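Remember, it's 1-based here, ligands and their atoms both numbered in the order they're listed. This is a predicted model, so every value here is computed, not measured. Heavy-atom basis, side chains included; hydrogens, waters and symmetry copies ignored.
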Amino acid sequence: MAAAGEPEVIRDKAAMRAWSRRRRAEGKTVVLVPTMGFLHEGHLSLVSTAANASAGAPVAVVVSIYVNPSQFAPTEDLATYPSDLAGDLRKLASTGAVHAVFNPPDLYVRGTDGSGGAAVSGSCLQEAAGGHETWIRVERLEVGLCGSSRPVFFRGVATVVSKLFNVVEPDVAVFGKKDYQQWRLICRMVRDLDFAIEIIGSEIVREADGLAMSSRNVHLSREEREKALSISKSLVNARTSALKNSNSASQHMKNQIAQTLSEAGGRVDYVEIVEQESLVPVDTIDRPVVICVAAWFGKVRLIDNIEIHPGS
Ligand code: AMP
């Protein structure tokens with residue numbers, strides 16, 4: 001397929017759905033990459049995964065840029081979440097692999113009681129009066145890890161990703177393993193609700209020194225960024241040790257990581273070692289696991305993880 005060049009920017013939901021349906025009628029596989037913008041190489045690697053998502057068949061790649069208010073608690077950083085739409089569009093155009101950018105102004109409307117006016121006709125498709133009151137919850141996977149300190153986060157993610165799926169109607173959607181719990185939760189939601197969408201998990205992209213790329217890294221001072229390297233270093237050390245010593249005890253490893261992060265000046269939110277698909281905590285590293293970490297450096301909460309396949 002020819003290079004995509006400048007992606008078409010679509011803001012309207014009906015126009016987005018019509019665009020996707022046209023692409024599918026042309027025999028293309030529609031691949032969605034959901035993002036909150038302020039794009040970096042990590043996001044662009046998802047675009048590259050998307051471009052290669054369909055062996056042989058032509059793809060139509062849609063990147064959505066939408067800062068989802070419903071996943072932020074009132075105390076969190078929605079107001080300061082970085083954005084640069086013009087820069088994002090330039091970066092996406094430079095890949096030559098993106099065909100459309102979906103940038104809806106109002107995918108989710110915050111509301112308290114769902115009231116606020118009468119629909120003009122009896123059609124449920126009339127633009128909703130009042131706020132949003134329907135939620136998707138993945139009941140077990142949304143608790144623990146990031147769900148403990150961010151209790152409304154995954155409800156917001158699952159609901160808005162479902163809306164994106166309903167509007168864009170993709171055949172494939174690509175998520176980063178950087179947000180490991182989010183990726184697993186979306187896989188589970190798609191399975192449980194019979195979305196006819198293949199979910200691909202794309203590997204974490206890191207800076208040369210190991211820091212996992214994140215839109216929030218821009219808020220780190222130089223010193224905080226230096227201290228935050230303790231996250232990836234402690235994860236790599238833990239994996240090396242787990243591969244060397246079979247059946248390592250999780251608790252000891254979690255304590256060591258937490259101590260390293262604290263000594264570096266971080267404030268640990270959690271360190272957990274869990275099964276890769278179920279995210280159930282393990283006592284012993286005797287099966288494929290993932291170590292997940294969240295820690296604050298200054299005012300920035302960072303997450304990272306590393307998969308371990310014992311015996312590999
Ligand atoms: P965000 O814009 O932070 O909501 O992220 C949008 C998508 O990009 C999510 O699926 C993330 O997991 C993914 N992503 C963010 N950072 C990275 C990274 N460093 N490597 C790979 N994927 C990433």
Side-chain angles (χ1 to χ4, degrees), residues 31-53 61-72 76-78 80-85 87-89 91-92 95 97-98 101-104 107-108 141 145-146 150 153-165 168 170 172-190 197-220 225 228-229 231-232 235-236 279 290 292-294 300-307:
V31 188
L32 172 66
V33 179
T35 81
M36 299 210 299
F38 208 71
L39 303 180
H40 50 65
E41 290 295 326
H43 297 111
L44 300 186
S45 79
L46 302 192
V47 168
S48 163
T49 302
N52 296 300
V61 175
V62 183
V63 174
S64 63
I65 298 181
Y66 180 66
V67 180
N68 170 15
S70 71
Q71 69 188 49
F72 290 79
E76 291 179 351
D77 59 349
L78 175 61
T80 55
Y81 198 84
S83 75
D84 174 17
L85 184 60
D88 289 346
L89 294 177
K91 287 175 193 164
L92 293 176
T95 67
V98 178
V101 173
F102 182 43
N103 179 223
L107 198 57
Y108 159 84
L141 285 177
L145 304 176
C146 287
R150 305 189 73 189
F153 178 72
F154 287 113
R155 174 188 92 154
V157 169
T159 303
V160 162
V161 167
S162 298
K163 285 167 71 70
L164 285 170
F165 286 174
V168 179
V172 180
V174 183
F175 289 82
K177 291 192 186 182
K178 159 81 164 41
D179 298 83
Y180 203 90
Q181 187 177 12
Q182 168 176 284
W183 167 53
R184 292 298 191 186
L185 178 136
I186 296 296
C187 290
R188 183 71 194 206
M189 178 188 84
V190 160
I197 301 172
E198 180 194 349
I199 304 297
I200 298 181
S202 202
E203 297 303 326
I204 300 177
V205 176
R206 299 177 180 281
E207 305 283 358
D209 57 12
L211 185 69
M213 291 192 183
S214 163
S215 304
R216 288 186 169 96
N217 290 352
V218 71
H219 292 314
L220 292 168
R225 194 191 173 292
L229 294 178
I231 301 179
S232 53
L235 288 175
V236 169
L279 305 187
V290 55
C292 297
V293 167
V300 189
R301 181 176 177 278
L302 299 173
I303 60 170
D304 200 349
N305 66 78
I306 198 162
E307 289 180 318

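- For Val205 against Ser45, the heavy-atom pair with the smallest separation is CG2-OG, 3.3 Å.
- For His40, the heavy-atom gap to ligand 1 drops under 4.0 angstrom.
- Less than 4.0 angstrom separates some heavy atom of Met213 from each of these atoms of ligand 1: 16 (N), 17 (C), 18 (C), 19 (N).
- Atom 11 (C) of ligand 1 has as its closest protein heavy atom Asp179 OD1, 3.0 Å.
- Heavy atoms only, all atoms of each residue included: Asn103 and Leu85 are closest at OD1-CD2, 3.4 Å.
- Within the 4.0 Å heavy-atom cutoff, Tyr81 counts among the residues contacting ligand 1.
- The shortest heavy-atom contact between Ile65 and Met36 is CG2-C, 4.3 Å.
- Here CZ of Arg155 is found 13.5 Å from CG of Leu185. Values are rounded to the nearest 0.5 Å.
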Subject >> Test side chain to side chain contact (heavy atoms under 4.5 Å, CB included) applied to Ile303 and Tyr180, step by step >> reply: CA-CA 9 Å; Ile303 60 170; Tyr180 203 90; over 6 Å; no
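- The distance criterion of under 3.5 Å between nitrogen or oxygen atoms is met by Gly176 with respect to ligand 1.
- Atoms of ligand 1 lying under 4.0 Å from at least one heavy atom of Lys178, given by number and element, are 16 (N), 17 (C), 18 (C), 23 (C).
- By the criterion of a heavy-atom distance under 4.0 Å, neither the backbone nor the side chain of Ser202 is placed next to ligand 1.
- The two atoms that bring Leu39 and Asp88 nearest to each other are N-OD1, 2.9 Å, heavy atoms only.
- Distances below 4.0 Å separate heavy atoms of Pro34 from the following atoms of ligand 1: 6 (C), 7 (C).
- Atoms of ligand 1 lying under 4.0 Å from at least one heavy atom of Ile204, given by number and element, are 20 (N), 21 (C).
- Taking each heavy atom of Arg150 and Gln71 in turn, the nearest pair found is NH2-O, 3.8 Å.
- No side-chain heavy atom of Phe38 sits less than 4.5 Å from a side-chain heavy atom of Val67.
- The shortest non-hydrogen separation linking Ser215 to Gly37 is OG-O, 3.4 Å.
- Which parts of ligand 1 touch Leu46 is read off a 4.0 Å heavy-atom cut-off, strictly below it: atoms 7 (C), 8 (O), 10 (O), 13 (C), 22 (N).
- Of the protein's non-hydrogen atoms, the one nearest atom 20 (N) of ligand 1 is Val205 N, 2.8 Å.
- Electrostatic pairing of Arg301 and Asp77 does not count as a salt bridge here, judged by no charged N lying under 4.0 Å from a carboxylate O.
- Below 4.0 Å from some heavy atom of Glu203 lie the following atoms of ligand 1, by number and element: 20 (N), 21 (C).
- At under 3.5 Å, not a single nitrogen or oxygen of Lys177, backbone or side chain, sits near a nitrogen or oxygen of ligand 1.
- Rounded to the nearest 0.5 Å, atoms CZ (Arg184) and CG (Asp179) are 13.5 Å apart.
- Neither the backbone nor the side chain of Glu41 comes within 4.0 Å of ligand 1, counting heavy atoms alone.
- The closest protein non-hydrogen atom to atom 4 (O) of ligand 1 is Met36 CG, 3.5 Å.
- Looking only at heavy atoms of the protein, atom 1 (P) of ligand 1 is closest to His43 NE2, 3.6 Å.
- Geometrically, ligand 1 and Ser214 share no nitrogen or oxygen pair separated by less than 3.5 Å.
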